[in-house]
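Notes follow the structure.
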Amino acid sequence: MTIPVRLYSYWRSSAAYRVRLGLAYKGVQAHVEPVDLPAGAHRQPSFQALNPDGLVPLLEIDGLRLSQSMAILEYLEETRPQPALLPSDPVGRARVRALAQWIACEIHPLNNLRTLQYLSKPLGVSSEQRSVWYAHWVRQGLERFEQHLSEPQTGAFCHGDTPSMADCLLMPQVFNARIMKVDMADLPQIARVESNLLQLDWVRQAYPYSQIDAPSDQGELALPAKA
Ligand SMILES: N[C@@H](CCC(=O)N[C@@H](CS)C(=O)NCC(=O)O)C(=O)O
């Protein structure tokens with residue numbers, strides 16, 4: 001009997017979006033179980049019993065429960081190697097992992113929900129100052145990422161002309177920045193790679209507004225039509 005794959009996700013969670021991309025790229029069908037983060041569903045005993053960390057994503061696969069998006073992507077890569085999320089050469093793998101970790105370690109922790117909530121309460125930071133905090137760290141991180149994308153190893157995607165783990169990290173961070181109205185007009189490499197990725201069906205399948213728990217009012221972030 002095949003054990004169903006289940007992903008605990010929230011439509012605009014960056015970390016869950018990374019895993020949706022990895023699953024979709026590798027053609028792994030997963031049942032998506034929405035966890036309403038703003039309503040605090042991740043802090044309820046029913047979810048904490050599954051993941052005591054109280055975070056999404058959580059992936060049930062192969063009879064296991066896996067947390068931490070980077071670890072999940074690495075697990076998918078090891079157990080389902082094709083199509084590959086990492087290049088075949090060690091130098092390429094190091095570059096892709098460095099790009100991915102730049103977002104996962106240097107940007108995302110500064111902009112995730114609990115960090116922003118802590119600024120508001122108990123620290124009493126106003127919503128305007130909170131937006132300044134967000135834009136500062138996300139802009140600084142993405143500017144550096146843009147410089148990395150100027151390297152010759154970059155192609156249609158973050159590393160060459162084949163999508164990789166780095167693209168699975170970039171797409172969610174850019175969506176998150178757009179939702180928070182961060183100006184990215186001067187980051188053309190990021191815009192180019194994003195636009196190339198948005199042509200791909202598996203990326204479109206994982207897009208936040210393609211999710212069952214996404215609001216119907218999509219505004220300017222609605223999934224753009226294919227070119
Ligand atoms: N490093 C973790 C980050 C997980 C994480 O922070 N998830 C966010 C959504 S993007 C979350 O569940 N936040 C709930 C909270 O901050 O209270 C990963 O990569 O999976």
Side-chain angles (χ1 to χ4, degrees), residues 5-26 28 30 32-61 64-78 85-86 96-123 125 127 130-131 133-134 137-138 141-142 145 158 164-180 182 206-215 221:
V5 179
R6 187 182 300 263
L7 176 66
Y8 292 84
S9 171
Y10 175 58
W11 71 278
R12 58 174 285 189
S13 153
S14 308
Y17 186 6
R18 296 169 193 165
V19 173
R20 293 199 304 266
L21 285 165
L23 289 168
Y25 182 55
K26 288 182 177 289
V28 179
V32 172
E33 194 73 52
V35 179
D36 189 345
L37 297 185
H42 56 306
R43 298 196 197 99
Q44 294 303 311
S46 55
F47 184 70
Q48 299 250 338
L50 300 175
N51 183 9
D53 296 343
L55 300 172
V56 296
L58 176 71
L59 184 69
E60 292 178 347
I61 189 168
L64 304 165
R65 261 191 207 124
L66 303 178
S67 60
Q68 288 293 339
S69 60
M70 293 291 292
I72 293 171
L73 291 175
E74 293 277 357
Y75 178 84
L76 292 175
E77 183 70 356
E78 287 181 28
L85 281 170
L86 291 169
V96 166
R97 286 186 170 119
L99 289 172
Q101 288 177 26
W102 180 257
I103 290 175
C105 306
E106 309 301 334
I107 305 180
H108 181 257
L110 292 161
N111 77 240
N112 71 18
L113 183 64
R114 62 194 180 285
T115 307
L116 298 178
Q117 284 178 339
Y118 187 76
L119 288 174
S120 302
K121 220 157 75 174
L123 295 187
V125 169
S127 62
R130 211 170 84 148
S131 299
W133 164 284
Y134 179 96
W137 292 114
V138 171
L142 289 179
F145 200 94
C158 287
S164 70
M165 196 179 285
D167 299 292
C168 294
L169 275 284
L170 178 63
M171 287 302 281
Q173 193 62 57
V174 169
F175 181 83
N176 196 286
R178 288 200 196 290
I179 235 172
M180 297 296 277
V182 173
Y207 192 73
Y209 279 115
S210 304
Q211 305 310 302
I212 47 169
D213 55 333
L221 286 179

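Counting from 1, the numbers follow the sequence of the chain as shown. Order of listing sets the numbers, starting from 1, for every ligand and every atom in it.
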Handout entry: Qualifying residues under salt bridge (charged side-chain N to carboxylate O under 4.0 Å, His left out), relative to Arg12, sequence neighbours excluded
Key = none
Problem - Note, Leu76 side chain near Leu23 side chain (heavy atom, < 4.5 Å) - result: yes
Write out each pair where an N or O from ligand 1 and one from the protein are under 3.5 Å apart, with the distance.
from	atom 1	to	atom 2	distance (Å)
ligand 1	1 (N)	Gln68	OE1	2.7
ligand 1	6 (O)	Arg114	NH1	3.1
ligand 1	7 (N)	Val56	O	2.8
ligand 1	12 (O)	Val56	N	3.0
ligand 1	16 (O)	Arg114	N	3.0
ligand 1	16 (O)	Arg114	NH1	3.1
ligand 1	17 (O)	His42	NE2	3.0
ligand 1	19 (O)	Arg18	NH1	3.2
ligand 1	19 (O)	Ser69	N	3.3
ligand 1	19 (O)	Ser69	OG	2.6
ligand 1	20 (O)	Ser69	N	2.9

Practice task
Would you check if there is a donor-acceptor pair between the side chains of Asn176 and Ser14 at a distance under 3.5 Å?
Solution key: yes
Exercise for the section: List the steps, then state whether side-chain hydrogen bond (donor to acceptor under 3.5 Å, both in side chains) holds for Gln68 with Asp53. Expected result: CA-CA 10 Å; Gln68 288 293 339; Asp53 296 343; 5.1 Å; no
Exercise for the section: Taking side chain to side chain donor-acceptor pair (under 3.5 Å) as the test, write out the residues that go with Glu33, two or more places apart. Expected result: Arg6, His31
Handout entry: Residues that Arg114 engages under salt bridge (charged side-chain N to carboxylate O under 4.0 Å, His left out), provided they are two or more places apart
Key = none
